[in-house]
Each structure stands twice: as C-alpha cells, then as structure tokens.
Undergrad: 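I have a structure I would like to understand better, so I am pasting it below and will then ask my questions one at a time.
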Amino acid sequence: MKKILARQSKKIKSLIKQMAILSDKENCSVFLVGGFVRDLILGIDNFDLDIVVEGNGLSFAKRLFNCLGESIVVHKRFATATIITKDKLKLDIATARSESYASPGVLPEVIFGSLRDDLKRRDFSINAMAISLNGSSFGELVDYFGGKKDLREKRIRILHDLSFIDDPTRITRAIRFKARFGFSLDEKTEFLLKQAVKKRLLFKMQKHRLRDEIILLLKEQKPAVYIKELNRLCGLKFIYSGIVFFPSLDRLLKTIEKEVRWFTNSQFSKRQLEAWLVYLIGMLDGLTLTKLRKFCFEYALRKKDTKRILSYKNFMLKKERKLHEVLKPVYLYKIMSPLSYEAIIAVLAKENNRTARMNIVRFLEEFHTIRPHINGDIIKELGIKEGPLIKKIINQVHNARINKTIHTFDQELDLVRKILRIK
Ligand code: ATP
C-alpha cells in the first residue's frame with residue numbers, strides 16, 4: 001500500500017507522516033482503518049480518516065492535536081476523539097476495542113482489545129481492513145477477513161452470521177454500499193439480511209439511529225435507486241406505516257432527482273439546498289398531515305426540517321391555491337415566499353401542470369430575491385416614527401419592485417414620498 005499512500009494529496013501524506021512519527025515516539029501501534037482504506041484501494045477521494053490505536057488512543061489523539069489540530073472533541077466514555085486538522089481533514093481516532101451486544105438495535109458495550117478485535121466488530125469485510133503506520137510495517141495492509149478480494153469481486157459480505165441481528169443498521173448500510181459502488185450482496189449475506197428483515201429487526205431499531213441511516217441514504221448521489229433497492233429487500237413500512245413504494249413514488253423520486261439537478265446547476269446553484277430533505281419530503285408524500293406530524297415528532301427531526309416538511313404538505317393541501325392559473329407577481333410571491341427551497345423543489349417535482357411549473361420557475365428566477373433598497377432607518381429619517389406604518393410602507397415598496405413598476409433606490413424613495421405625501 002506504500003505506493004498508493006505516496007499518490008495521495010500533500011495534505012494527507014503529511015498527516016500520515018506525522019502520525020507515523022508520533023506512533024513510533026509514543027510506542028503504540030497506529031492504523032488507518034475502515035472506509036478510508038476501502039476508498040484508498042478503490043481510488044476514491046476520502047477526506048475523513050479513521051484511525052485505530054492499539055494502546056492509549058486518547059493520549060495519541062491529544063498529542064497529534066498539539067502538532068496539527070484545529071479543534072478536538074473527546075468522547076471519554078468510548079475513548080475516541082475527533083480532530084479537525086489545520087488542513088481541514090477530519091480524523092476519528094479510537095482505541096482498539098471489541099464489542100458485545102446486549103440486544104438488537106441498541107449501542108454495544110465496549111471493551112478494549114487488539115486491532116483484530118476491532119476489525120472483527122465491523123460491518124463488512126470491505127470496511128474491515130487496516131493499514132499500519134508503524135516503523136518497519138509502515139504501509140502494510142492488514143486484511144484478516146478477505147476485504148481486498150471482496151472489493152475486487154465487488155461483493156458486500158458480513159463477517160459473522162449474527163451481524164445483522166447484533167446491529168440492524170447494517171441492513172441499510174449494506175444497501176447503501178451495494179448501490180453506491182454497484183456491488184452485489186454475497187449470497188449468504190443476502191440470505192441473512194432477508195432473515196433479519198423477516199424477524200422485523202428494522203422495526204425494533206431506535207428511531208434516532210434509523211433516522212440517521214435514512215438521512216445518509218438520502219444524501220447519496222442518486223437516492224431513488226437506493227430507495228428502490230431498500231424497498232426490494234426490506235419494504236418501506238419499517239420507516240413508517242403508510243409509506244408504500246407505489247410506481248408513483250418511484251416516479252416522484254426520479255423527478256425530484258431531475259429537479260434537484262436543475263436547481264443546483266442553474267443560476268440558483270449558490271443557494272443552499274438540502275437535497276436529502278427534498279427526497280424525504282417525496283418519500284413521505286403519501287402520509288396524511290397528522291401522520292406526518294407524528295413522523296417528525298417520533299424521529300425527533302430538527303425543528304427547521306419539520307417546518308419545511310409540514311409547510312410543503314400544507315401548501316399541497318390548500319385547495320384555494322391557484323397555482324394552475326397565470327398569477328399576478330405579488331400574489332405569486334405571497335403564496336410561494338413562505339416556502340423553503342426544499343419545499344419549492346418538492347412542489348415543482350409534484351406538478352405536471354405547465355402553468356403551475358411556469359409560476360414556480362418564474363417565482364424563483366424573477367421575484368424570489370427581490371428586496372427593497374430602503375429600510376426602516378431611511379423612512380424614519382423622513383420623519384416617520386417607529387411603528388406598523390413603516391412595515392406597511394416597506395411592503396408597498398416591495399410590491400412595486402415585484403411588479404417591476406420601480407427598479408432603483410431613487411424610485412423607491414420617490415414612492416415613499418408619494419405614499420407619505422411629502423414633496
Ligand atoms: P462513508 O464513506 O459512508 O463515510 P464509512 O465506511 O467511512 O463510509 P462510517 O459510518 O464513517 O462509514 O464508519 C466508519 C467505519 O466504522 C466503517 O468503515 C466500518 O468499519 C465501521 N462501522 C460503521 N458503522 C458500523 C456498524 N453499524 N457496524 C459495524 N461497523 C461499523
């Protein structure tokens with residue numbers, strides 16, 4: 001692996017060198033592990049490094065932080081630390097450990113152990129390889145479970161028969177890696193995965209862990225494929241009763257993919273869009289408002305995400321919304337502006353009607369970013385006291401800008417004067 005390490009970016013090479021020097025100084029064995037090693041072999045860039053230390057991981061982490069860290073977060077209970085380096089690389093450092101599971105779906109008990117123990121507790125062979133960073137063994141691949149062969153043969157394989165029972169998140173992880181790399185599931189792994197699904201283990205998962213897994217799935221490149229595969233192997237009911245993979249849902253997710261691409265490649269690309277949330281809104285499209293509220297509550301979604309999901313639903317439910325008619329700019333602004341980008345893109349994906357689509361695109365392209373140049377302070381300088389009148393005036397100016405009857409600061413000021421009957 002020395003040759004592959006030598007081909008990495010300057011930042012990564014210098015970090016690895018620093019760790020190698022420190023591990024010899026500290027007299028502990030240090031290894032690159034997990035997804036970073038997998039991606040290194042696959043030739044995929046990965047800037048999140050996972051490190052395992054045989055010895056005192058926390059002391060190693062603190063010393064490394066002193067050399068090149070920008071920030072460090074230490075989790076004493078698990079003897080792990082996360083460092084962000086000055087070069088903006090993320091490092092997760094752990095003390096080698098073994099684990100035992102009290103019951104499916106909950107976090108395991110942790111006991112310190114050897115590198116082999118640490119690799120044995122991992123999800124798949126392709127994620128259970130390590131590269132030594134110590135002295136004479138620097139760059140050697142440690143591959144106890146045939147991970148390299150599985151990578152070559154494009155296979156996802158668990159390390160022992162109880163793997164999915166110990167931790168059902170591995171079910172969705174298996175689907176994620178399978179779809180991401182275009183791999184297949186090893187025959188026995190697929191059999192055991194289906195057994196675990198039959199035992200309804202996904203239903204027993206803690207909701208916050210399931211939420212994090214679903215979000216990771218939706219953050220992949222083309223989530224529609226992942227959801228389809230998830231449905232093929234597990235159904236979607238375990239996420240929430242009422243979520244069914246009808247052909248219409250498949251179509252909607254694919255359309256969302258198209259709209260997200262349009263949005264991010266268009267002139268709006270500088271605007272932040274949380275694409276995963278648009279897919280989530282799509283996935284939940286069949287739920288009633290009441291169920292949707294319960295979903296957001298049970299999964300303890302962030303307040304702002306809950307708000308965005310519910311605003312989409314409320315918008316779609318409002319019978320009086322006239323999106324299918326050519327709308328006056330001010331009215332279009334009034335109904336669309338409370339929606340987040342995520343909700344707007346979801347509405348766009350749902351709408352087949354040409355006029356409705358034109359209204360939405362027009363709102364985004366022409367009206368969305370219009371803001372008056374004048375503000376409360378400027379109006380106060382004209383002798384108006386603080387109060388609701390100021391807001392009313394600003395609204396009128398804003399409407400005139402949206403209607404394109406005025407464009408410049410001077411024209412705005414003229415309008416304010418006219419409203420106030422000031423010469
Ligand atoms: P990604 O590219 O999606 O970040 P990753 O493999 O780096 O993939 P992480 O979730 O960051 O994934 O996990 C890091 C490593 O920790 C994995 O490579 C795997 O070895 C181990 N791991 C993560 N989750 C589990 C799990 N549920 N069970 C066992 N091992 C796990």
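Order of appearance sets the numbers: ligands from 1, and atoms from 1 within every ligand.
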Undergrad: Determine, step by step, whether K207 and D212 satisfy the salt bridge (Lys or Arg N to Asp or Glu O under 4.0 Å) criterion, reporting the C-alpha distance in whole Å, the side-chain angles of both residues, the deciding distance to 0.1 Å, and the verdict.
TA: CA-CA 9 Å; K207 281 278 192 291; D212 294 347; over 6 Å; no
Undergrad: Is there a heavy atom in F124 that sits closer than 4.0 Å to ligand 1?
TA: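 For ligand 1, residue contact (heavy atoms, under 4.0 Å) with F124 is absent.
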Undergrad: If the cut-off is 4.0 Å to any non-hydrogen atom of R180, which atoms of ligand 1 fall inside it?
TA: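 Atoms satisfying the 4.0 Å criterion: 1 (P), 2 (O), 3 (O).
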Undergrad: With a heavy-atom distance limit of 4.0 Å, tell me whether D167 approaches ligand 1 through its side chain, its backbone, both, or neither.
TA: side chain
Undergrad: If the condition is side-chain contact (heavy atoms from CB on, under 4.5 Å), which residues does F203 pass it with, not counting sequence neighbours?
TA: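 Residues passing side-chain contact (heavy atoms from CB on, under 4.5 Å) with F203: R200, K237, F238.
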Undergrad: Report the part of R176 in contact with ligand 1, treating N, CA, C, O as backbone and CB onward as side chain, heavy atoms under 4.0 Å; options are side chain, backbone, both, neither.
TA: side chain
Undergrad: List in chain and number order the residues that pass side-chain contact (heavy atoms from CB on, under 4.5 Å) with A96, two or more places apart in sequence or in another chain; answer none if no residue qualifies.
TA: V52, E54, D118
Undergrad: Any idea which part of T169 is under 4.0 Å from ligand 1, heavy-atom wise: side chain, backbone, both or neither?
TA: side chain
Undergrad: Hey, does the Lys NZ or Arg CZ of K322 hover above the aromatic six-ring of Y331, less than 6.0 Å from the centre and inside 45° of the axis?
TA: yes
Undergrad: Check ligand 1 against G34 and write out every atom of the ligand that is under 4.0 Å from a heavy-atom position of the residue.
TA: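 Checking each atom against G34, I get 18 (O).
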Undergrad: Does the structure place the NZ or CZ of R211 under 6.0 Å from the centre of the six-membered ring of Y299, at an angle of no more than 45° from the ring's axis?
TA: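 The answer is no, since R211 fails at least one limit relative to Y299.
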Undergrad: Give the contacting part of D50 toward ligand 1: side chain, backbone, both or neither, where contact means a heavy-atom distance below 4.0 Å.
TA: side chain
Undergrad: Ring centroids only, cut at 6.0 angstrom: are H398 and Y333 within range, meaning strictly under it?
TA: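 Centroid separation for H398 and Y333: below 6.0 Å.
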Undergrad: Hey, looking at atom 25 (C) of ligand 1, which of R173, M129, R122 has the closest heavy atom?
TA: R173
Undergrad: Closer than 4.0 Å to some heavy atom of F177 - which atoms of ligand 1 meet that?
TA: 6 (O), 8 (O)
Undergrad: Between R157 and D186, is there a side-chain N and carboxylate O pair less than 4.0 Å apart?
TA: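 Here R157 does not pair with D186 in a salt bridge, since their nearest N and O are not under 4.0 Å apart.
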Undergrad: At under 4.0 Å between heavy atoms, which part of E220 makes contact with ligand 1: side chain, backbone, both or neither?
TA: neither
